[in-house]
Amino acid sequence: MGNPLVIYNTLTRKKEVFNPLVEGKVGLYVCGPTVYSDSHLGHARPNITFDLLFRYLTFLGNKVRYVRNITDVGHLEDEVEGVGEDRIAKKARLEQLEPMEVVQKYMNTFHRNMDELNVLPPSIEPRASGHIIEQQEMVDSILKNGYAYESNGSVYFDVEKYNQEHKYGKLSGRNIDDIKTNTRELDGQSEKKNSFDFALWKKASPEHIMRWPSQWSDGFPGWHLECSVMSTKYLGEQFDIHGGGMDLIFPHHECEIAQSTASQGKEAVKYWMHNNMITINGQKMARSLGNFITLLELFTGSHEILEQAYSPMTIRFFILQAHYRSTIDFSNEALQASEKGLERLMSAMKTLEELTVSGTSSVDLKSLKEKCFAALDDDLNSPIAIAHLFDGVKMINSIKAGTEKISANDLEELKSFYNSMVFDILGLKEEEIADSGDNEVLSGAVELLINLRKEAKANKDWATADKIRDDLKALGIELKDTKDGIEWSVI
RNA sequence: GGUCUCUUGGCCGAGUGGCUAGGCAGUGGUCUGCAAAACCAUGUACGGCGGUUCGAAUCCGCCAGAGACCUCCA
């Protein structure tokens, strides 16, 4: 600490010193999921990234209001054809459920998965369907300001008009002429003046079930609108940080900027932050590519490309071991490496509690702490921070081994530092290992064999001792001889 | 096609004009009846070709390869 926190602002494409609009208070908005199917590996990235940001800003003494929405209406698929079906409505039709049952079901799953990943709940989690009035108000004000037009019961944002006074495309770095020449003109889009105009309000077709009355038509809000509305409602006309996945930069966030500017005359967001994607075998995970892995599948190992189950903390650690603006490539090898690395770190956390103190210290705590905080201050460089934590692990183990010494004061400081860093900021936690003791018959039987093996060992009957160990292993039970006795675990 | 990004050792993944990233794997060692685990130590690198520079993996140019966005995606 001591250094200012610097974050990369997508808008300026530069690292900038982070100064909140109000000293000591931070407004943070992150695009949440559209709850129409199980949460997947891709959802883990932004939620963990911004959880880290939330935790670190809080650790630095800020009062953070973190708003993360739930999209439960208005997110269409296949919109290019002009006949897009609402994702939630479609799922409801396929599963024969009420749309709000679909929403509830997958929102519950999302919350459970986030909890498993130790992602803290946001301060406010607003839902698009609960803010229809406010969305209509914003459509109205954009219309009044002349940046939108009504067409056949729907309202569209007039991108060309907006672009004359403000620059449309400043976030994604594209200009409207490029978009013009590169967007397909399609039949059936005659409602719009230009193909790149986007819907603020859509008139519902007769079979569309999720609909609300409005002055324009019975319909529903456009997808981009909810974030503009809910962010400013809870964080104010201007707020500090807006986050999300890089794939949302265009068009979603670009449209948000246009909407805010068109309705209130000024931009809402000071810093835009975007996390990069997770790839699988070098390719983006996408439904269309068939390489989708849900979080549940990861945690249970039930997907054909998974060699084993990976715990939520392994996933979290894996994601934190890469910088949030880099892509990370998923593979069994990489996850297994993270799993082992995490074990090493966590076992050092235990060692920390068993250290004995000396009169003096031979270790340099100050430098370790400074390096870790400097890494986080530099655009949340968690991989560097973790690298330094591993240097600290070496230090902790050396103290245990007696080759380094630590004073009582320093030990307290070291413990407090590791607790803050590992548990509070990185958000890692001890995982409960599947308790073999659940099954009393099994543990009784294993204890019996262990005692037989102890006798064999005492008699130096190595053949019998090894046979018990090997046969148990073949059954999936591993024995380890330690100083304190024999430990066993189910593999 | 347009816009942009990336290419680091066996794998993952930081960094960046001169100073060991780190993890996993490998190798050597300590411990152990043997193993396993744990701990300690340790080698290999910056896509190719030019250029700038005292010095480039790091800056510039070209070439090759990969990816992202432009359409739903986190």
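By convention in this document, chain letters (A, B, ...) are assigned in the order of the sequence lines, proteins followed by strands, and residues within each chain are numbered from 1.
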> I want to check something: taking the side chain as every heavy atom from C-beta on, are A:Phe330 and A:Ile305 in contact at a cut-off of under 4.5 Å?
yes
> Please give, in whole Å, the distance from B:G13 P to A:Phe318 CZ?
6 Å
> Should A:Lys15 and A:Asp379 count as an ion pair when the cut-off is N to O under 4.0 Å?
no
> In whole angstroms, how far is the P atom of B:C24 from the CD atom of A:Glu307?
18 Å
> Within the structure shown, what part of the strands sits under 4.0 Å from A:Ile278 by heavy-atom distance: base, sugar-phosphate, or nothing?
base
> Assess the side chains of A:His274 and A:His253: does a donor N or O sit below 3.5 Å from an acceptor N or O?
yes
> Which atom pair, heavy atoms only, marks the closest approach of A:Ala465 to A:Ala456?
N-CB, 4.0 Å
> Is there a donor-acceptor contact under 3.5 Å from the side chain of A:Asn69 to the main chain of A:Gly32?
yes
> Between B:G10 and B:U27, how far apart are the two P atoms, rounded to whole Å?
16 Å
> For A:Trp462 and B:G33, say yes or no: do the ring centres fall under 5.5 Å of each other while the ring planes differ by less than 30°?
yes
> In terms of the nearest nucleotide of RNA chain B, which residue is placed more toward the 5' end: A:Ala337 or A:Ile328?
A:Ile328
> Between B:G13, B:C11, B:G15, spot the one nearest the side chain of A:Asn381, thanks.
B:G15
> With the side chain of A:His323 defined as its heavy atoms from C-beta on, choose the nearest nucleotide among B:A14, B:C12, B:C70.
B:A14
> Applying a 4.0 Å non-hydrogen cut-off, can you work out what A:Ala387 is touching in the nucleic acid: base, sugar-phosphate, or nothing?
base
> Suppose we call two aromatic rings close when their centres sit under 6.0 Å apart. Are A:Phe417 and A:Phe373 close by that rule?
yes
> When the P atoms of B:U30 and B:G23 are compared, how many Å lie between them, rounded to an integer?
22 Å
> So with a 6.0 Å cut-off around NZ of A:Lys467, is the heavy-atom count from everything else above 12?
no
> Would you call A:Asp51 and A:Arg55 a salt bridge, taking side-chain N to carboxylate O under 4.0 Å as the test?
yes
> Provide, to the nearest angstrom, the distance between the NE2 atom belonging to A:His252 and the C1' atom belonging to B:C70.
17 Å
> Is it true that A:Lys350 and A:Glu354 have a side-chain N and a carboxylate O under 4.0 angstrom from each other?
no
> For A:Tyr162 and A:Ile257, work out which heavy atoms get closest and say how close.
OH-O, 3.9 Å
> Taking B:A45 as the reference, what is the distance to B:U20 when you measure between their C1' atoms (whole Å, please)?
13 Å
> Any ion pair linking A:Glu160 and A:Lys193 (charged N to carboxylate O, less than 4.0 Å)?
no
> Roughly how many Å is it from CD in A:Glu404 to P in B:A41, rounded to a whole number?
10 Å
> Tell me whether A:Arg174 forms a cation-pi arrangement with A:Phe250, defined as NZ or CZ under 6.0 Å from the six-membered ring centre and within 45 degrees of its axis.
yes
> Using 4.0 Å as the upper bound for N to carboxylate O, is an ion pair formed by A:Asp86 and A:Lys91?
no
> Shorter than 3.5 Å, N or O on both sides, protein versus nucleotides 65-68 of chain B: list them out with atom names.
unit_1: B:A68; atom_1: OP1; unit_2: A:Lys284; atom_2: N; d: 3.3

> Using the C1' atoms only, state how far B:G18 lies from B:U53, rounded to an integer number of Å.
12 Å
> Nearest to the side chain of A:Ile384, heavy atoms from C-beta on, is which of B:G33, B:G23, B:A14?
B:A14
> What distance, rounded to whole Å, do you find between the two C1' atoms, one in B:U52 and one in B:G15?
23 Å
> Take the protein atom CD of A:Glu333 and the nucleotide atom C1' of B:G26, then report the distance between them rounded to whole Å.
12 Å
> Can you tell me whether the side chain of A:Asp378 and the base of B:G15 have a donor-acceptor pair closer than 3.5 Å?
no
> When rounded to the nearest Å, what value does the distance between C1' atoms of B:A74 and B:C19 take?
39 Å
> Quantified in whole Å, what is the P atom distance between nucleotide B:A56 and nucleotide B:A14?
26 Å
> Hey, are A:Arg469 and A:Glu478 close enough for a salt bridge, meaning a charged N less than 4.0 Å from a carboxylate O?
no
> Under 4.0 angstrom, heavy atoms only, what part of the nucleic acid is A:Gly42 near: base, sugar-phosphate, or nothing?
base
> So what does the secondary structure string of RNA chain B come out as, 5' to 3', with Watson-Crick or wobble pairs under 3.5 angstrom, [ ] for crossing and | for pairs with another strand?
(((((((..(((.....[...))).(((((.......)))))....(((((..]....))))))))))))....
> Summarise protein proximity over nucleotides 35-40 of chain B in one line of letters, 5' to 3': B for base, S for sugar-phosphate only, - for none, counting protein heavy atoms closer than 4.0 Å.
BB--SS
> For A:Leu171 and B:C70, what is the distance between atoms CG and P respectively, to the nearest whole Å?
13 Å
> To the nearest angstrom, how far is A:Lys467 atom NZ from B:C34 atom C1'?
17 Å
> Please compare A:Gln336 and A:Gln321 by the position of their nearest nucleotide in RNA chain B and report the one closer to 5'.
A:Gln321
> How many Å lie between NE2 on A:His388 and P on B:G15, as a whole number?
11 Å
